[in-house]
2 protein chains.
Amino acid sequence: MSAEERRESVIRAALSEFAHGGYRGTSTEAIARRVGVSQPYLFRLFPNKQAIFVAAAERCIEHTRDAFLAAAKGRPPEERLEAMANAYGRLIREDPEKLLMQMQIYAAVATAEAAGDHEFGASLRDRWQSMWDSAHVELGADIEETTTFFAYGMLINTLVSMGFPPTQRNWEGIYEFARAGVGPQSFGAPAAPSP
Amino acid sequence: MSAEERRESVIRAALSEFAHGGYRGTSTEAIARRVGVSQPYLFRLFPNKQAIFVAAAERCIEHTRDAFLAAAKGRPPEERLEAMANAYGRLIREDPEKLLMQMQIYAAVATAEAAGDHEFGASLRDRWQSMWDSAHVELGADIEETTTFFAYGMLINTLVSMGFPPTQRNWEGIYEFARAGVGPQSFGAPAAPSP
DNA sequence: GTCTATAATAAGATAGAC
DNA sequence: GTCTATCTTATTATAGAC
């Protein structure tokens, strides 16, 4: 297999492993095992562990952006918000590693930033901004709407990550965002969170 | 010093250390050094590393809840949203470890939940729910408002953690939430995020 | 209540062969 | 392109003394 193909396999394996273990909690040994190569060989493909993490993290954010774009594609503007919200709900339900990895990314970047390392997060900020901008354009470039869209998304991320059960009555209102779309005005009393 | 007082010192030291390093990235040695005791002695005060993390995490969430309660106290209902938003903005600006620790908690709980360990996050879910409920009551028990309040808070957490600069023009709109209060309707064009 | 000594082992990375 | 061997260091936790 070519080095480029191997690198691709490593990125996919790393995305899974880092999602479940976080940056520090994942060994390069575990990634290598999943790829089916020896642990030292990873360091012929990537300079160090951090580079593997960043490559996997970039991929994760790009994937989310692409899900938004795919959901909006070919749809009339007024349907896009709901379609994108649905797509995101589907994404984190069917591919929970993507949400898990998101949370690991935020924690890892926060750690680096606090330590004064602004290099680590640079490419990830770029990807994140690109995701935001793509959603912003598809939603019709209404600032309020885009902001609310992401704000609710981040709340969902937190609640799902913390393990608040989606089956709980309270929770349904929030989850509704991802399933049937939209911002605060869509929440009525029966959809009561807490949370 | 009594064991109880020592435990208190450990919790405070652990909050700082875990905030900066995360669960896996923080050694019990670092915590012990900060407290000024030997590393093995920590294991006379707590059963294991995980218990220290949980105690520090509980403290962190309680502190945030208390900040909301203190901000709302004695204020007429219509001023509370802004007061609580201001208080949260002040909290994460003046005490960034509290935000950092929040992000480490979300990642750590997500990791445990994904691994099938629902015990780890149990007490933290309780604290989080208590924080939500307290805010909900103070805000006047309007579901839509409480949900939006937390949604915007979570977006702020993410943006600040990722290192999007608060000085950037784009960012001001979001930051405005924490500084001058409120939900989406307070965002005008000049406050444009992205992000 | 607190320490020293230490067991046990895991992890990132390099060297060098094939 | 890929492996084996290995260096080096870090880390949680226990045993037992004072």
Side-chain angles (χ1 to χ4, degrees), chain A residues 1-57 101 104-105 107-109 111-112 114-115 117 119-121, chain B residues 1-57 101 104-105 107-109 111-112 115 117 119-120:
Chain A
M1 193 178 291
S2 82
E4 213 34 67
E5 290 172 310
R6 277 289 189 219
R7 251 184 285 269
E8 177 59 30
S9 310
V10 171
I11 289 172
R12 275 205 276 267
L15 183 39
S16 281
E17 293 293 332
F18 281 127
H20 286 94
Y23 180 63
R24 301 296 292 255
T26 298
S27 67
T28 55
E29 167 65 33
I31 297 168
R33 202 179 317 122
R34 186 181 270 253
V35 177
V37 297
S38 69
Q39 178 264 341
Y41 184 50
L42 294 184
F43 295 88
R44 299 275 159 140
L45 300 170
F46 294 86
N48 49 43
K49 183 184 180 180
Q50 184 171 297
I52 303 177
F53 181 86
V54 171
M101 186 63 176
Q104 308 292 6
I105 292 169
V109 174
T111 297
D117 176 3
E119 253 325 288
F120 179 75
Chain B
M1 193 179 290
S2 82
E4 214 35 67
E5 290 171 310
R6 277 289 189 219
R7 252 184 284 269
E8 176 59 29
S9 309
V10 171
I11 289 172
R12 275 204 276 268
L15 183 38
S16 281
E17 293 292 333
F18 282 127
H20 286 94
Y23 180 63
R24 302 296 291 255
T26 298
S27 67
T28 54
E29 167 65 33
I31 297 167
R33 202 180 316 123
R34 187 181 270 254
V35 176
V37 297
S38 69
Q39 180 265 341
Y41 183 51
L42 293 184
F43 295 86
R44 299 275 158 140
L45 300 170
F46 294 86
N48 50 41
K49 183 184 179 179
Q50 184 171 297
I52 302 177
F53 181 85
V54 170
M101 185 63 177
Q104 309 291 6
I105 293 170
V109 173
T111 297
D117 176 4
E119 254 323 288
F120 179 75

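Just so it is clear: chains get the letters A, B, ... in the order the sequence lines come, proteins before strands, and each one is counted from 1.
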>> Please enumerate all residues that pass side-chain contact (heavy atoms from CB on, under 4.5 Å) together with Glu5(B), with sequence neighbours excluded.
In response: Met1(B), Ser2(B)
>> Thr111(B): which residues meet the side-chain hydrogen bond (donor to acceptor under 3.5 Å, both in side chains) condition with it, sequence neighbours left out?
In response: Gln104(A)
> salt bridge (charged side-chain N to carboxylate O under 4.0 Å, His left out) with Glu29(B): which residues, sequence neighbours excluded?
Replying inline: Arg33(B)
> Under a 4.0 Å heavy-atom cut-off, which of residues 5-31 of chain A touch DNA chain D?
Replying inline: Arg6(A)
> What are the 5'-most and 3'-most nucleotides of DNA chain D lying under 4.0 Å from any heavy atom of chain A?
Replying inline: dG1(D) to dA5(D)
> Can you check whether Phe46(B) reaches Val54(B) side chain to side chain, under 4.5 Å on heavy atoms?
Replying inline: no
> Ala57(B): what forms a side-chain contact (heavy atoms from CB on, under 4.5 Å) with it, not counting sequence neighbours?
Replying inline: Phe53(B), Met101(B), Ile105(B), Leu124(B)
>> When you measure from the side chain of Thr26(B) to the backbone of Glu17(B), do you find a donor-acceptor pair of N or O atoms at a distance under 3.5 Å?
In response: yes
>> Please enumerate all residues that pass side-chain hydrogen bond (donor to acceptor under 3.5 Å, both in side chains) together with Glu4(B), with sequence neighbours excluded.
In response: Arg7(B)
> Nearest 0.5 Å, what's the CD1-CG distance between Ile31(B) and Leu15(B)?
Replying inline: 10.5 Å
> If you look only at pairs with a residue in residues 38-52 of chain B, which of them pass as a side-chain hydrogen bond (donor to acceptor under 3.5 Å, both in side chains), with sequence neighbours excluded?
Replying inline: Thr28(B)-Gln39(B)
>> Could you report the tightest heavy-atom contact between Leu45(B) and Ala3(B), atom names first, then the distance?
In response: CD2-O, 4.0 Å
>> Quick check on contacts: within residues 32-56 of chain A, what sits under 4.0 Å from DNA chain C by heavy-atom distance?
In response: Gln39(A), Pro40(A), Phe43(A), Arg44(A), Asn48(A), Lys49(A)
